[in-house]
Amino acid sequence: MKLARWVYIEDVAEHVGEEIEIKGWMFNKRSSGKIHFLQLRDGTGFIQAIVEKSSVDEETFKKADSLRIESSVIVQGSVREDKRSPYGFEMDVNNIQVVQIPTEDYPISKKEHGIDFLMTNRHLWLRSRRQFHILKIRNEVIRAIREFYHSKKFVLIDTPILTGAIGESAGELFSVKYFDLGRAYLAQTGQLYLEAAAMALGKVFNLGPTFRAEKSKTRRHLTEFWMNEAEMAYYTSDDNMTLQEELVSYVIQKVLERAGEHLAALNRDTTLLEKIEPPFPRISYDEAIKLLQKKGFDIKWGDDIGGDEETGISEEFEKPVMVYNYPRKIKAFYMQPNPENPEVVLCDDMLAPEGYGEIIGASERIYDLDLLIERIKEFNLPVESYDWYIDLRRYGSVPHSGFGMGVERLVAWICKLDHIREAIPFARTIYRIHP
RNA sequence: UCCACCAUAGCUCAAUCGGUAGAGCAUCCGGCUGUUAACCGGAGGGUUGUAGGUUCGAGUCCUACUGGUGGAGCCA
């Protein structure tokens with residue numbers, strides 16, 4: 001093959017009329033005897049390449065004819081604008097280099113598949129158009145999260161994945177053998193470590209995988225998911241909520257700006273997303289209970305707010321809503337009591353609109369040494385395994401707040417997915433760890 | 001852990017009251033120079049998840065098991 005410049009599909013608009021080369025895969029082919037329409041992708045986009053019998057040599061036309069779905073190919077040709085193409089551009093092929101032609105049928109067909117089959121073939125399903133767009137959006141979501149913190153002068157603290165002590169409560173943990181030290185556990189939160197780091201660096205955040213061995217089987221749960229946590233010294237619960245709404249607004253705006261074409265490809269109606277900017281509505285737990293009772297839910301003060309109730313609250317608002325100050329009995333041990341009513345703690349859950357439920361869990365943390373120890377005992381947790389965490393309250397303890405945001409839940413909402421397993425490249429669910 | 005549902009061709013599904021297994025896509029062969037999940041004609045493709053039971057007869061009814069899906073609880 002003669003020399004031609006390698007161009008990625010996303011850049012073809014800058015090379016109209018030029019002789020270029022695309023290196024990629026053929027995901028579909030339509031053929032009419034004397035003309036082949038090769039549907040190509042290269043990881044950056046999609047384009048149709050035309051092979052006309054009258055304008056290529058016989059060997060090239062034969063090669064095009066022999067290509068099967070998911071053949072890998074390098075094609076040379078000239079690019080032109082064409083309104084008949086859904087992508088706006090087409091390539092007129094004059095040369096084809098076959099890299100590989102599969103000898104077996106490609107498992108993912110053009111027709112519909114069941115979720116079991118698709119998850120079993122996740123390594124191939126990733127190549128599909130819809131998954132391409134979702135993963136591009138996830139990429140922009142994570143990029144925006146990092147940008148947001150850096151713009152606010154937060155410091156990235158990578159919290160450990162292998163931990164000795166248990167995390168926040170007696171939740172189910174994955175355990176692994178750890179040399180002569182017994183069992184280690186996969187982190188279900190980095191919060192305690194971020195609290196330590198916040199006393200050193202003021203405002204800190206992490207972004208990484210988190211593990212929960214809970215046998216949850218719902219569209220909102222994974223056993224391994226990505227969480228972004230932040231912890232800020234001297235922040236009150238109100239400061240905390242303000243930061244959360246700024247973060248979520250920033251991410252949404254950046255995704256609209258940089259991944260609008262991918263949202264469009266998913267047929268995502270973005271009119272509600274475009275309205276996401278601070279401030280978000282905030283209602284107290286007390287108000288939430290009254291609202292739910294008025295809407296006919298069988299719920300009383302002191303009950304936790306479940307999935308249906310979350311939807312009941314969030315459908316009253318167009319933006320995410322923050323429900324704050326829950327009864328202390330249904331929340332974690334480390335949450336700071338409300339000085340005006342000690343039966344309630346200073347915390348908030350952010351509920352995404354459109355039925356997506358909780359995306360952030362947040363609270364102000366207890367900073368008084370004696371109160372923290374009292375609460376650990378009250379929750380029947382082993383005081384000795386919280387030794388270093390308690391130590392933080394011995395030396396220059398200050399009020400501080402933080403939160404955790406579920407990346408897949410955020411992506412699922414932004415993309416309007418039915419299930420968060422599509423929001424992560426390789427989902428881990430209770431009955432699935434392969435591929 | 002609990003509740004519900006599903007399992008038939010490579011894939012997605014159909015099969016009336018229990019009566020001898022069917023379609024689309026995919027594959028192979030042929031046709032077609034503007035197809036958009038291309039289309040048209042032809043062909044091959046089945047131990048109906050596994051084990052047992054009821055029945056003259058089971059894809060269909062019963063039991064157990066296996067795998068999966070959705071939900072509850074818990075959470076992000």
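Numbered from 1 within each chain, the chains take letters A, B, ... in sequence-line order.
- A search for ring-ring contact (aromatic ring centres under 6.0 Å, His included) contacts involving A/Tyr87 returns nothing, not counting sequence neighbours.
- A/Tyr324 meets the ring-ring contact (aromatic ring centres under 6.0 Å, His included) test with no other residue; sequence neighbours excluded.
- Stem analysis of RNA chain B (Watson-Crick or G-U pairs, both distances under 3.5 Å, runs of at least three) returns B:1-7 with B:66-72, B:10-13 with B:22-25, B:27-31 with B:39-43, B:49-53 with B:61-65.
- With sequence neighbours left out, A/Phe61 forms a ring-ring contact (aromatic ring centres under 6.0 Å, His included) with A/His36.
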Check nucleotides 2-7 of chain B for protein N or O atoms closer than 3.5 Å to its own N or O atoms and list the pairs.
none

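- At B/rG73, none of the side-chain N or O atoms of A/Arg212 fall inside 4.0 Å of OP1 or OP2 (strictly under the cut-off).
- Under the side chain to side chain donor-acceptor pair (under 3.5 Å) criterion, A/His15 pairs with A/Glu18, not counting sequence neighbours.
- Listed by residue number, A/Asn28, A/Arg30, A/Ser31, A/Ser32, A/Gly33, A/Lys34, A/Ile35, A/Phe37 are the residues of residues 26-43 of chain A with a heavy-atom contact under 4.0 Å to RNA chain B.
- Taken residue by residue, residues 348-362 of chain A places heavy atoms nearer than 4.0 Å to RNA chain B at A/Glu358, A/Ile359, A/Ile360, A/Gly361.
- A search for side chain to side chain donor-acceptor pair (under 3.5 Å) contacts involving A/Asp158 returns nothing, not counting sequence neighbours.
- Residues that satisfy the side chain to side chain contact (heavy atoms under 4.5 Å, CB included) test with A/Thr311, not counting sequence neighbours, are A/Glu315.
- Listed by chain and number, the residues in a ring-ring contact (aromatic ring centres under 6.0 Å, His included) with A/His150 are A/Phe205 (sequence neighbours excluded).
- For A/Ser216 against B/rC75, a side-chain-to-base donor-acceptor contact under 3.5 Å is absent.
- When heavy atoms are screened at a 4.0 angstrom cut-off, A/Gln48 is found touching base atoms of the nucleic acid.
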Tabulate atom names and distances for all N/O pairs under 3.5 angstrom spanning the protein and nucleotides 11-14 of chain B.
from   : atom 1 : to       : atom 2 : distance (Å)
B/rC11 : O2'    : A/Glu112 : O      : 3.4
B/rC11 : O2'    : A/His113 : ND1    : 2.5
B/rU12 : OP1    : A/Gly114 : N      : 3.0
B/rU12 : O4'    : A/Glu112 : O      : 3.2

